There are 4 protein chains.
Amino acid sequence: VVKVKGKIKNLKFKEEGKKLFNWAKASMPVLSNTEPEFVKERPFEGKTIGCCLHVTKETAVLVLLLKAGGANVFLCGSNPLSTNDSIAAYLVSEGINVYAWEGMTSTEYDDAIEWVSDKHLNFVLDDGGDLTVKLNKRKSQEQIQDILLGTEETTTGLIRERALLNEGSLKFPIVAVNDAMTKHFFDNRYGTGQSCMDGIMRATSLLFAGKTIVVAGYGWCGRGIALRARGLGAKVAVTEVDEVKALEAVMDGFVALPMEKAIKQADLVITATGNVNVVGKNEIKKAKNGCILANAGHFDVEIDVKYLNNFPSTEVRKGVTEFNLGNKKIYLLAEGRLVNLSCAEGHPPEVMDMSFANQAYVLRWATELKEKIKPGIYPVPEKIDRKVAVKKLSSIGVEIDKLTKKQKKYLSSWEP
Amino acid sequence: VVKVKGKIKNLKFKEEGKKLFNWAKASMPVLSNTEPEFVKERPFEGKTIGCCLHVTKETAVLVLLLKAGGANVFLCGSNPLSTNDSIAAYLVSEGINVYAWEGMTSTEYDDAIEWVSDKHLNFVLDDGGDLTVKLNKRKSQEQIQDILLGTEETTTGLIRERALLNEGSLKFPIVAVNDAMTKHFFDNRYGTGQSCMDGIMRATSLLFAGKTIVVAGYGWCGRGIALRARGLGAKVAVTEVDEVKALEAVMDGFVALPMEKAIKQADLVITATGNVNVVGKNEIKKAKNGCILANAGHFDVEIDVKYLNNFPSTEVRKGVTEFNLGNKKIYLLAEGRLVNLSCAEGHPPEVMDMSFANQAYVLRWATELKEKIKPGIYPVPEKIDRKVAVKKLSSIGVEIDKLTKKQKKYLSSWEP
Amino acid sequence: VVKVKGKIKNLKFKEEGKKLFNWAKASMPVLSNTEPEFVKERPFEGKTIGCCLHVTKETAVLVLLLKAGGANVFLCGSNPLSTNDSIAAYLVSEGINVYAWEGMTSTEYDDAIEWVSDKHLNFVLDDGGDLTVKLNKRKSQEQIQDILLGTEETTTGLIRERALLNEGSLKFPIVAVNDAMTKHFFDNRYGTGQSCMDGIMRATSLLFAGKTIVVAGYGWCGRGIALRARGLGAKVAVTEVDEVKALEAVMDGFVALPMEKAIKQADLVITATGNVNVVGKNEIKKAKNGCILANAGHFDVEIDVKYLNNFPSTEVRKGVTEFNLGNKKIYLLAEGRLVNLSCAEGHPPEVMDMSFANQAYVLRWATELKEKIKPGIYPVPEKIDRKVAVKKLSSIGVEIDKLTKKQKKYLSSWEP
Amino acid sequence: VVKVKGKIKNLKFKEEGKKLFNWAKASMPVLSNTEPEFVKERPFEGKTIGCCLHVTKETAVLVLLLKAGGANVFLCGSNPLSTNDSIAAYLVSEGINVYAWEGMTSTEYDDAIEWVSDKHLNFVLDDGGDLTVKLNKRKSQEQIQDILLGTEETTTGLIRERALLNEGSLKFPIVAVNDAMTKHFFDNRYGTGQSCMDGIMRATSLLFAGKTIVVAGYGWCGRGIALRARGLGAKVAVTEVDEVKALEAVMDGFVALPMEKAIKQADLVITATGNVNVVGKNEIKKAKNGCILANAGHFDVEIDVKYLNNFPSTEVRKGVTEFNLGNKKIYLLAEGRLVNLSCAEGHPPEVMDMSFANQAYVLRWATELKEKIKPGIYPVPEKIDRKVAVKKLSSIGVEIDKLTKKQKKYLSSWEP
């Protein structure tokens, strides 16, 4: 009998979770091919790893790889709505300690983070910074003194952790996995781009062709979303506060304009800015009847859900809330939470393969270091980043050119 | 108490069905805006309409409109797997006679068609030709003598009905709604294009970017699929037997080559040819490990499922069957049936709005004719077709240019 | 010494013309590969062919092929501005009778057509209908009695020739080469699409990315132009008078609206409608400062050049006329004539290869007919059309699938 | 009478040059709108500026702006083939000292750089580093002691200048204008992307649709080229030596593979790597008959022209050299030099507007500094970079969002 460590919905879902895990693993060749190495080397023998991650099939592939490498893993979710309960069940059945289920209350969500943060951790894997902030702000130095390293998966988490560093309260080093080339070039663009379309289609079943879609934010996520929305036949407008990004959107053939104007024409608005109230009361007032609002940012703060909640509402489809504003109806997806995770399955396994390979390799690298790293925010070592790319290319059978001696010499020998 | 006429899964699903119906109706403005006219005119008063259609939320909008126009409607499904049971329940609760549920056996499916064909019909709405063939081949002249008109929604159905005509056994006129400009330019291209992507994403959750996808057939459906697959970042190859279409695929920037060669590189194959064994034994033998097979054609004959069934199989995700061929694994979606209907919700309501508006208007037009039309295959009157386009444009707020007098004169007065 | 038959600018340009001819020929494999057959068969032995075609390097490949097949060819231009004088020179040096130069006056242009129409013709090749109209309206029955067949290359020409037919004055049969699948699917879309971009870039050197471009007309030409303008990074709006085409533009992700509104935002307008005054006085008044106007339609009637000529003008670059309207400047390309031919080199040889192969094969086919065809407008025989596609595919090394016996049987044996 | 200072082809071309200048200026609103400020402020009063830039219509707008700001400008070309002689004439007529003409020999080209470097310079504007290297390596400290600052426009130049810095021979500070966001995001991608297509179309007149095009290098230039080639309908393959960029190309839907394999299928190869012999002897041997080679990199070293010159050659069109390798013909554009500058007009004015605005603003900023900057490579101050973006957006009428107080607070106040 498996002893449930932590708290999940129901262990009986484990078979379903196993299938999902296997399916994801087959599309995560970088991590899969690393397993034999980890089994042999056991780099995490005796180490305890605390993870605050979306409990998805892809995360399962990562944490079971860490376990295969010798780690004792404690896992909580990084969002109250994003846990797949069958994956949680399967992980528990495989010896991972999990405290997460779909539909946690805020208190339960906080309890889960508390539960992980109370373990005697050596490594921290974070997605959004909730666990890292808790450890640095609410735990004693003694409790966290054996943490060698944390890693962070998101832009949002890094902003928070940089704030910790600036105010002098960051007590262990953080590696910004989010900033790895093989993470943010791929995960934020191709992953978010497609998975948002996927979530919106599942939630609404509506046609993109011929629609007017407004994308708020033209960072890597916004770019991916705008590209895929266009790829599905929509007319796409972009809103930005950054002049260079706005100009780039224009040159990419998109209309750029302020949200107040954009929303008047919008059939669908997707936010990906990392900021609050991007679609606020004023903007909602200008939206046309039937406008659909979706958020692709980490927190559910981009759309002013509080304002919408002043109006009578009803769930018209799973994940679609209709608000009756009197003169018009507005539809909100997933209560304003991450639409790709809440309405679909988050990033496809192929991109998480690269993000998570950075995580796994950074942890292994940290075990090999002679000295403890000082608190700070560090980039993923370029060697690791490139290794992930090389492994990915080889896993999909892509061969690339090599510099010849002559070419290397040329690059290093300009006339001067 | 609603008296269930026909046979459905369970009436208790009706509330769920009502929500889906309302959601679809809101995105079907052409049909919705026609309702007041039909309520007032009652064009179908005293008429019985037999429908063999996918029992989806969009179909519900059509058949309830026909009922609002006075019709007595009998509905069976046009595919054993495509019925939405909550829609069936809702339709029954609204007074439609339905004989359909998801997962019918072949015998049950045939019983359903038999059940509709035994009513005293005045109109026939068909999707694929099963009902029309049954009526013309298996029913007496007496039984079908009051059928004024049939309509057909698909290419496949029309091929079968033309065969009936050629062999002299077509006994009532058929209007080829499939061939209306506002149907096949839109439904087959934008509808199939997007809904196939939707079905494949829901079934697999995999990334399209960077994948090699092979589309079999470059008709309107294949064009839509290829366009959307590229729009999601895939490299797309096309197979064709028609030299002009193959050349068009090449000029559209796709690789064109025979399936035997294409499948060697394919991560995913999508068939949309209307023919048998497009991915047959020989092709499957050449597929690479992990290749996913999906069908977008009307019948489940395009992939050689029979051959695959020689190998051990397991359902690894809902709608995904893994076949272990020893040296490799092949994945089949939806047992080779229509992937957009089986794994997602079929065409989005916006395109069905136009297809079905053609249906509804053709039926109304038929009630206004002085004389009975002779058996034959007829196009949708251009006036109706254009009216659908005009109503659609106005519903989405698009204004277009009008010819000036001078321009009309110019067009009609070339020098000679 | 070559005796100049007809009238050209200067024979000394022939070497330049020969180079251009050779360059085009290398990219016209269907025609090139047909040469040995024609040389052997001499299908046009003793026949006189009158051609009214743009005198370009591609046309040179066609007419020299006809000559290689035994024909005596008389060639005039089909537009006063589109003749390449070096090609004209080369053709004369190779024994073709040519009456054309760049920059003819209207009278000279008419003289040229007169000159061809006075020969004793057996075949007529036309591009726009000027020669055909002249022959049918201005020449005696006796003079044209040996004309076996005419062919027409453009939509515009066919409209005029149908008008001749309707009024009973068409005296010989016309084959609508324009309507061949391997012509209008390719030439009008890919040819016009790219060559318009080419012409506009050469004339203006301006950036497309980020610009707002309005395309008038969403026929095959308009589609090609809109697609390529988007492919170069522009935001594209479409104007149409046909509701179905307007809807198609919307579904393809373009903005559709009336020209009066569209032109307010336009950096560039390109007309491709076949109608007059598409950009008329009212529209020009609403254009913004700096707006560029270009025409891609056959005749220079789509932009109201007459109205523009009320204002002071200056040629600011070759092919670019600036009109100073007081409150703003408007730029007109190529005096409102076909921008792809006037500012660049017309359709690329690859597409003309197919159009012209249809011409050449239709003429050969006509020599093989037992009986004279009656006056009327006829399609290119499908066999010829498909042969062109097959030859093109083979010339670029593309292999396609063949129907198996089983598949042929399936297509012909639906259940009924 | 204008006294020609320096050396140009012929002053009589000045009127043509004036037209070109005016045309470019109208599309360079950032620079144009800066003129009144410079005229008023005269920031360069008494300063001598040495420029080594492509002598194009856009460069004319920059150097005349500098002159309007009080500068005495000496200009030589940055490539022996890229000078527009009419622009050179116009500049001289306007008081700029120019030493450049189209088709200089290597010696003449070097003389020109020598001529500029011998002036008593205060600022240096460089494109490729030839002038900067000359000044730092061949001139005495005394001669260059009054140089306040140099700027560099290209990646290639910066590589060379970093080498100078590393070996300790860089004697004045360089601002890397190439690395400004408003330069390399736009100029290298949209500018190079379009202008290469333009150059290739002018040189060849061939169709892109359906062709197989290989792009060597997936940096900003390569990305732009690949995007536009696809936008014109080509199938595009990418070669790379960098694994992350190769992976990005794959995810963008391109085929990635080594040049040796890619060239076997290529109709056209475009190099944009900054390295030597990317298409070397081995690759050329594997090219198919008719393959066209073009270079988009700064130096004519990417294609092994020396190897090609072993074979008989002939110029078949302006800018197109045919090499007869016995078993096949290979076509080289512009002798392997920058195809966009040699066969078309280089970057469109709209992108040069931003690049050159960075140049002009950096120079003004340098005049305002209290202290001399030490030798080194410096970024463009972000404030200048953003100002260029703001001015550009406003010139094209694009309005963007502003952060609200609440949003600013949110960004700066994460929970910790």
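Every value quoted in this text rests on a predicted model; they were computed, and no experiment measured them. Residue numbering restarts at 1 for every chain, and letters A, B, ... go by the order of the sequence lines.
A salt bridge links B/Arg317 with A/Glu345: the distance from a Lys NZ or Arg NE/NH1/NH2 to an Asp or Glu carboxylate oxygen falls below 4.0 Å.
Contact annotation for A/Phe186: neither backbone nor side-chain heavy atoms come within less than 4.5 Å of a heavy atom of chain B. Both the backbone and the side chain of A/Ala209 have a heavy atom closer than 4.5 Å to some heavy atom of chain B. If you measure heavy-atom distances from B/Lys211 to chain A, the contacts under 4.5 Å come from the side chain alone. Heavy atoms of A/Val398 lying under 4.5 Å from chain B are absent altogether. The part of A/Lys57 that comes within reach of chain B is its side chain, from C-beta onward, which places non-hydrogen atoms under 4.5 angstrom from that chain. For chain B, the nearby parts of A/Thr204 are the backbone and the side chain; heavy atoms of each come within less than 4.5 Å.
Checked options A/Lys391, A/Glu58, A/Met28; the residue passing with A/Asp353 is A/Met28 (criterion: side chain to side chain contact (heavy atoms under 4.5 Å, CB included)).
The candidate from A/Ala344, A/Gly397, A/Ser205 with the greatest count of non-hydrogen atom pairs under 4.5 Å with chain B is A/Ser205. Across A/Asp198, A/Leu206, A/Val316, the residue that shares the most heavy-atom pairs under 4.5 angstrom with chain B is A/Leu206. Comparing B/Pro348, B/Ala229, B/Gly210 by heavy-atom pairs within less than 4.5 Å of chain A, the highest count is held by B/Pro348. No other option in B/His347, B/Lys18, B/Lys318, B/Arg202 has as many heavy-atom pairs under 4.5 Å with chain A as B/Arg202.
For residues 19-28 of chain B, the side chain to side chain donor-acceptor pair (under 3.5 Å) pairs, not counting sequence neighbours, are B/Lys25-B/Glu35.
In this structure, A/Phe356 and A/Glu153 have side chains that are in contact, with non-hydrogen atoms separated by less than 4.5 Å.
A side-chain donor from one of B/Thr182 and B/Asn358 sits under 3.5 Å from a side-chain acceptor of the other. Residues B/Thr56 and B/Asn84 have side chains that never bring a donor and an acceptor to within less than 3.5 angstrom of each other.
Residues A/Met181 and A/Asp385 approach most closely at N-OD2, 2.7 Å, considering heavy atoms.
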